[in-house]
Amino acid sequence: MASIRREILIHAAPDELWSALRDVGALHTRLVPGFVIECVWDGEGRDITFANGMKARELIVDVDDDSRRVAWTAVGHLKHHNASAQVFPEDAGTCRVVWIADLLPDQMAPPIATVIEQGLAAMKRHAERPKG
């Protein structure tokens with residue numbers, strides 16, 4: 001099984017970033033606008049459309065406020081997929097986001113890693129944009 005772990009420092013208050021991450025139905029407006037262009041939440045999962053036209057169905061496994069962690073599984077395209085993203089406080093006004101995905105088949109790891117890296121970059125751009 002392939003395991004991917006990526007992390008990024010984001011100059012944003014951890015509580016603000018966590019608020020956007022935990023809002024699982026608002027990826028396209030609060031967390032990664034431009035990277036995800038549509039997200040439809042049905043109370044159990046979300047149907048998302050990426051800017052490149054790719055679509056995915058993700059079931060939300062857990063939203064843990066104490067650890068600031070969201071866990072989900074993508075269904076339909078891979079033999080196995082589970083992922084999580086977690087926000088860790090760093091210095092004042094900065095946080096670290098860690099995104100981990102485990103998946104099968106192994107040969108899908110490179111394109112999934114690219115998606116994760118693009119998602120983290122979009123998250124950083126949006127969170128660090130000038131406010132006002």
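The figures that follow rest on heavy atoms only: side chains count, while hydrogens, waters and symmetry mates do not.
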Mind checking what makes ring-ring contact (aromatic ring centres under 6.0 Å, His included) contact with W99, not counting sequence neighbours? W72
Can you measure from OG1 (T114) to CZ (R6) and round to the nearest 0.5 angstrom? 8.0 Å
With the side chain counted from C-beta on, respond yes when S19 and R30 share a heavy-atom pair under 4.5 Å apart, and no when they do not. yes
Note: A2 and A109 closest approach over all heavy atoms is CB-CB, 3.7 Å
Do M54 and T49 have side chains that approach each other closer than 4.5 Å (heavy atoms only, starting at C-beta)? no
Give me the one residue out of V36, D23, L17 that meets side chain to side chain contact (heavy atoms under 4.5 Å, CB included) with L31. L17
Compare all side-chain heavy atoms of H126 with those of V32 and state whether any distance is below 4.5 angstrom. no
Are side-chain heavy atoms of D42 and R57 found at a separation under 4.5 Å? yes
To the nearest 0.5 Å, how far apart are CD in Q118 and CZ in F35? 5.5 Å
K55 side chain vs F50 backbone, donor-acceptor pair below 3.5 Å: no
Is there a chain of hydrophobic side chains (I, L, V, M, F, W, Y, each step under 4.5 Å between heavy atoms) that links I48 to V63? yes
Taking side chain as C-beta onward, heavy atoms only, is W41 less than 4.5 Å from V24? yes
Provide the closest heavy-atom pair for L21 versus A85 in the form atom of the first, atom of the second, distance. CD2-O, 3.7 Å
Give me the one residue out of R5, R69, Q86 that meets side chain to side chain contact (heavy atoms under 4.5 Å, CB included) with I100. R5
Check: residues 87-98 side-chain donor-acceptor pairs under 3.5 Å, at least two apart:
unit_1, atom_1, unit_2, atom_2, d
E90, OE2, R96, NE, 2.8
T94, OG1, H11, ND1, 3.3

D64 side chain reached by R68 side chain, heavy atoms, under 4.5 Å: no
Quick check: do H28 and P33 have side-chain heavy atoms less than 4.5 Å from each other? no
Does some side-chain heavy atom of H81 sit less than 4.5 Å from a side-chain heavy atom of D102? no
State, to 0.1 Å, how close W18 and D65 come at their nearest heavy-atom pair, and which atoms those are. NE1-OD1, 3.0 Å
Straight-line distance of T73 OG1 to L78 CG, nearest 0.5 Å: 8.5 Å
Spacing of L27 atom CG and I37 atom CD1 [to the nearest 0.5 Å]: 12.5 Å
About how many Å separate CD of E117 and CD1 of I4, when rounded to the nearest 0.5 Å? 8.5 Å
Restricting to side-chain hydrogen bond (donor to acceptor under 3.5 Å, both in side chains), what partner residues turn up for D66, sequence neighbours left out? none
I need the H80 NE2 to L103 CG distance, nearest 0.5 Å. 7.5 Å
